[in-house]
Protein chains: 2
Amino acid sequence: MKISKKDLTEKIRNCGLKPTSQRIAILLQLLSRRDHPSADAVYQSLKDEYPSLSLNTIYMNLESFAEKGIITKINVLHQSARFDGDISSHHHFVCVRCKKIIDLHNMKIPKIKIPKELKTAKVYFHQLRINGICEDCSN
Amino acid sequence: MKISKKDLTEKIRNCGLKPTSQRIAILLQLLSRRDHPSADAVYQSLKDEYPSLSLNTIYMNLESFAEKGIITKINVLHQSARFDGDISSHHHFVCVRCKKIIDLHNMKIPKIKIPKELKTAKVYFHQLRINGICEDCSN
DNA sequence: TTGGATGCAAATACTTTGCACACGG
DNA sequence: CCGTGTGCAAAGTATTTGCATCCAA
């Protein structure tokens with residue numbers, strides 16, 4: 001499907017942001033590609049066509065778009081790697097605001113059927129991650 | 001349950017690593033606590049008792065332990081934020097080695113029952129993440 | 001003794017912040 | 001014009017790398 005700049009302009013305006021040329025370019029880039037780029041990957045793809053575009057602008061706008069829900073941020077970003085000594089099967093709730101991680105031991109997840117896309121990969125383990133805002137942060 | 005140093009030594013040796021005093025201390029620390037510490041958090045807890053222990057050693061060993069499967073690294077993708085232009089409901093496979101993300105659109109996940117630990121939290125969305133090693137990396 | 005492990009310091013990577021200028025409404 | 005958005009540079013934090021020394025086997 002073709003993505004028109006007009007649609008993008010609308011989409012950006014609808015979520016309360018000014019449809020600047022940079023925002024349109026960034027959103028177009030993200031909707032056109034099938035992978036899951038980092039801010040820098042988007043930057044690399046756009047800098048030839050938009051030499052004045054700054055990486056900073058991409059960081060800010062990807063974050064804004066995700067906040068408005070027109071794109072998704074796959075990894076709630078902890079500033080640092082977090083480790084768990086408990087390797088028994090359990091899942092996690094992550095507060096998107098304070099980044100707190102809460103164990104969910106009592107949560108039963110029905111058996112997962114590994115999809116065919118992964119038939120050749122080695123699956124280690126799966127973890128369900130629930131994102132939200134914890135009690136402390138919701139005040 | 002009490003964790004004996006003897007058991008830890010065994011555990012470390014069993015996964016092919018030398019049971020140095022630093023490794024034993026780091027693993028003991030991680031297995032004793034109920035939270036999900038960063039490398040620095042582990043460092044802060046240990047540096048009084050082991051003044052010569054370096055943060056670097058903790059980084060390396062937490063990574064090694066996670067690779068051997070005796071602890072878990074919760075956020076595989078913490079080094080850079082990754083975004084997805086596709087906001088339809090789907091899940092992801094993440095290669096723990098090359099960090100590649102593969103979309104799993106065909107995967108049906110039965111309805112999730114939100115556990116009681118979260119009764120006061122606001123749940124935004126949940127994503128199932130399957131961790132493993134992709135075909136390219138498994139050679 | 002010997003190769004892996006550690007400690008230190010420097011280097012790198014990612015992201016955020018501060019501020020002056022530019023631009024859309 | 002007004003206020004948000006952008007670009008640049010600098011700062012901040014997390015992690016990795018290089019290398020000499022150390023230590024468990």
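Naming convention: chains lettered A, B, ... in sequence-line order (proteins, then strands); numbering from 1 in each chain.
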Results of side-chain contact (heavy atoms from CB on, under 4.5 Å) for A:Lys100 - residues two or more places apart only:
A:Cys95, A:Cys98, A:Ile102, A:Cys134, A:Asp136
Take the protein atom CZ of B:Phe65 and the nucleotide atom P of C:dA5, then report the distance between them rounded to whole Å.
10 Å
B:Tyr50 has an atom OH; how far is it from atom P of C:dG7, in whole Å?
12 Å
Could you tell me which residues satisfy side-chain contact (heavy atoms from CB on, under 4.5 Å) with A:Ser88, sequence neighbours excluded, listed by chain and number?
A:Asp86, A:His90, A:His105
For A:Glu67, enumerate each residue passing the salt bridge (charged side-chain N to carboxylate O under 4.0 Å, His left out) test, keeping only those at least two apart in sequence or located in another chain.
none
Rounded distance in Å - NZ (B:Lys68) to P (C:dG4):
12 Å
Determine which pairs satisfy side-chain hydrogen bond (donor to acceptor under 3.5 Å, both in side chains) with at least one residue from residues 55-65 of chain B, sequence neighbours left out, and list them in order.
B:Arg23-B:Asn61, B:Ser54-B:Thr57, B:Glu63-B:Lys73
Whole-Å distance separating the CG atom of A:Leu46 from the P atom of D:dG7:
11 Å
Side-chain N,O (A:Ser54) to OP1/OP2 (D:dT6) below 4.0 Å:
no
Which pairs, protein N/O on one side and nucleotides 12-16 of chain D N/O on the other, fall under 3.5 Å?
from: D:dA14; atom 1: O3'; to: A:Gln79; atom 2: O; distance (Å): 3.1
from: D:dT15; atom 1: OP1; to: A:Ala81; atom 2: N; distance (Å): 2.5
from: D:dT15; atom 1: OP1; to: B:His78; atom 2: NE2; distance (Å): 3.1
from: D:dT15; atom 1: OP2; to: B:Tyr59; atom 2: OH; distance (Å): 2.7

May I have all residue pairs that pass ring-ring contact (aromatic ring centres under 6.0 Å, His included) and include part of residues 4-34 of chain A, sequence neighbours excluded?
none
Non-neighbouring partners of B:Arg33 that pass side-chain contact (heavy atoms from CB on, under 4.5 Å), sequence neighbours left out
B:Gln29, B:Asp35, B:Pro37, B:Ala41, B:Ser45
So, using side-chain hydrogen bond (donor to acceptor under 3.5 Å, both in side chains) as the criterion, who are the partners of A:Ser52 when residues are at least two apart?
none
Whole angstrom value for the distance that separates P of C:dT17 from CD1 of A:Ile58:
18 Å
side-chain contact (heavy atoms from CB on, under 4.5 Å) partner of A:Phe83, the single match among B:Ile71, B:Thr72, B:Asn75, B:Val42
B:Ile71
Is there any ring-ring contact (aromatic ring centres under 6.0 Å, His included) pair reaching into residues 18-54 of chain A, and which pairs are they, with sequence neighbours excluded?
A:His36-B:His92
Axial bend angle, the helix from C:dT1-D:dA25 to C:dG25-D:dC1: five-pair end segments, nearest 10°:
40°
Return the residues of residues 12-29 of chain A meeting this criterion: a heavy atom under 4.0 Å from some atom of DNA chain C. Order them by number, or give none.
A:Arg13, A:Lys18, A:Pro19
In chain order, what residues pass the side-chain contact (heavy atoms from CB on, under 4.5 Å) check against B:Gln44, with sequence neighbours excluded?
B:Asp40, B:Lys47
Just the rounded figure in Å: distance from P of D:dA25 to CD of B:Glu10.
11 Å
Work out which heavy atom in A:Leu8 is nearest to a heavy atom in A:Leu28; give both atom names and the distance.
CD1-CB, 3.4 Å
